[in-house]
Amino acid sequence: MRLRNATLSASRGIFVPIRDEEGRKDEVADLVAAFNKMVAEIEKRQDQLVQSRKMASIGTFTSGIAHELNNPINNISLIVESLLEDEDLSDEERSRLYRDLLEQSERTSEIVKNLLDFSRTDHSEVEEVRLDELVEKTARLIKNELRLHHIRFSKEIREPLPSLHLDRSGFQQVLLNLFLNAVQAMEEGGELRVSLGLTRRGELRMDVRDTGKGIPLSHLDRVFDPFFTTKKEGMGTGLGLSVSYGIVKKHGGRIEVRSRPGNGACFSIFLPVEKSRERE
Ligand code: ADP
């Protein structure tokens, strides 16, 4: 029975080892040990997959990050230049420039920190996370992509939201996959809308909607399959949504998709909220 439940969970992407019965030394005990070893191995592979997908997606927005860093660095040079060269500056003007300098250098370190947080390898650490903040941070990572593709980004929070116990970096990966897919589906520009709220069943619901080309009916039940991609070679690996599916599952949640060709797509994530941990 325990073995049957465990294999069922594993087939749904939840890898929980079976507890050994102490002292038991027969064929069943060997089977349990082999099962647990297999589960640990699959979990390790899954983590490696998440990490390599993460590194691949960093590649897609490196130019954006470089651009974002370039602005404050340019500003810093200009400010230092005026401080050095303009001898007529009043004390007040000087101190304003010093404050600007500080602000611009804080901006650069925030961009770098954001990137470092994202590429961290200790990804399965669970911590208290506010999903609305994570959405904001992730949108900032792809700010340049949004601008280049003429995409308007908006976020709607329907009610006060509890913070959740999440693997922050894993979830940022999920958001980034959904956002980048949306951007790639809106070649002619459009709108990327994220809304967050609670369902009557007490789950946190997040919808990521785009106004892009949409998904044909025949693809709808395949988009979460590993290696399913409709993108040109070099543009897609077909792993984004399957990795995201695994991460959401691991948190006891689910991810669904609705779409009509020509009418955009909407990915919804439902996550259980532990009542005891709700914030005001
Ligand atoms: P990849 O982006 O590498 O192709 P994914 O697993 O992220 O892999 O996505 C699989 C496929 O699902 C995409 O190739 C695309 O056909 C489809 N898809 C995903 N998100 C969207 C979206 N927002 N709009 C249209 N199609 C999408």
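Treat the numbers as computed from the prediction; the structure is a model and nothing was measured. Atoms within each ligand, like the ligands themselves, are counted from 1 in listed order. Only heavy atoms go into these numbers, but all of them, side chains included; no hydrogens, no water, no symmetry mates.
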With respect to [X], determine whether any N or O atom, backbone or side chain, lies less than 3.5 Å from an N or O atom of ligand 1.
| X | answer |
| --- | --- |
| Thr230 | yes |
| Asp210 | yes |
| Asn181 | yes |
| Ala185 | no |

Show me which atoms of ligand 1 lie under 4.0 Å from any heavy atom of [X].
| X | answer |
| --- | --- |
| Thr229 | 1 (P), 4 (O), 14 (O) |
| Ile215 | 25 (C), 26 (N), 27 (C) |
| Gly240 | 5 (P), 6 (O), 7 (O), 8 (O) |

Side-chain polar contacts of residues 151-161 - donor-acceptor pairs under 3.5 angstrom, sequence neighbours left out - could you list them?
unit_1	atom_1	unit_2	atom_2	d
Lys155	NZ	Glu136	OE1	2.7
Arg158	NH1	Ser195	OG	3.4
Glu159	OE2	Leu198	N	2.7

Ignoring hydrogens, what is the shortest heavy-atom contact between Asn36 and Pro17? Give both atom names and the distance.
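So the two residues come closest at OD1-CA, 3.3 Å.
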
Measuring from non-hydrogen atoms of [X] to any atom of ligand 1, is the shortest distance under 4.0 Å?
| X | value |
| --- | --- |
| Lys213 | no |
| Gly212 | no |
| Phe267 | yes |

Look at [atom] and find which of [options] reaches it with the closest heavy atom.
| atom | options | answer |
| --- | --- | --- |
| atom 6 (O) of ligand 1 | Val183, Leu241, Leu178 | Leu241 |
| atom 8 (O) of ligand 1 | Gly238, Ser244, Ala182 | Gly238 |
| atom 12 (O) of ligand 1 | Asn177, Val223, Leu220, Val208 | Val223 |

Are there over 12 heavy-atom neighbours, none belonging to [X], within less than 6.0 Å of that residue's [atom1]?
| X | atom1 | answer |
| --- | --- | --- |
| Asp26 | CG | yes |
| Glu41 | CD | yes |
| Arg94 | CZ | yes |
| Leu217 | CG | no |

Taking atom types as modelled and ignoring hydrogens, do the side chains of Glu93 and Ser90 form a donor-acceptor contact shorter than 3.5 angstrom?
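Their side chains do contain a donor-acceptor pair, which is all the 3.5 Å distance test asks for.
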
Do the ring planes of Phe267 and Phe224 sit parallel (below 30°), tilted (30 to 60°) or perpendicular (above 60°)?
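Perpendicular: the ring planes of Phe267 and Phe224 meet at over 60°.
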
Against the six-membered ring of Phe270, is Arg205 placed for a cation-pi contact (under 6.0 Å from the centre, within 45° of the normal)?
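Relative to the ring axis of Phe270, which defines the angle, Arg205 lies outside at least one limit.
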
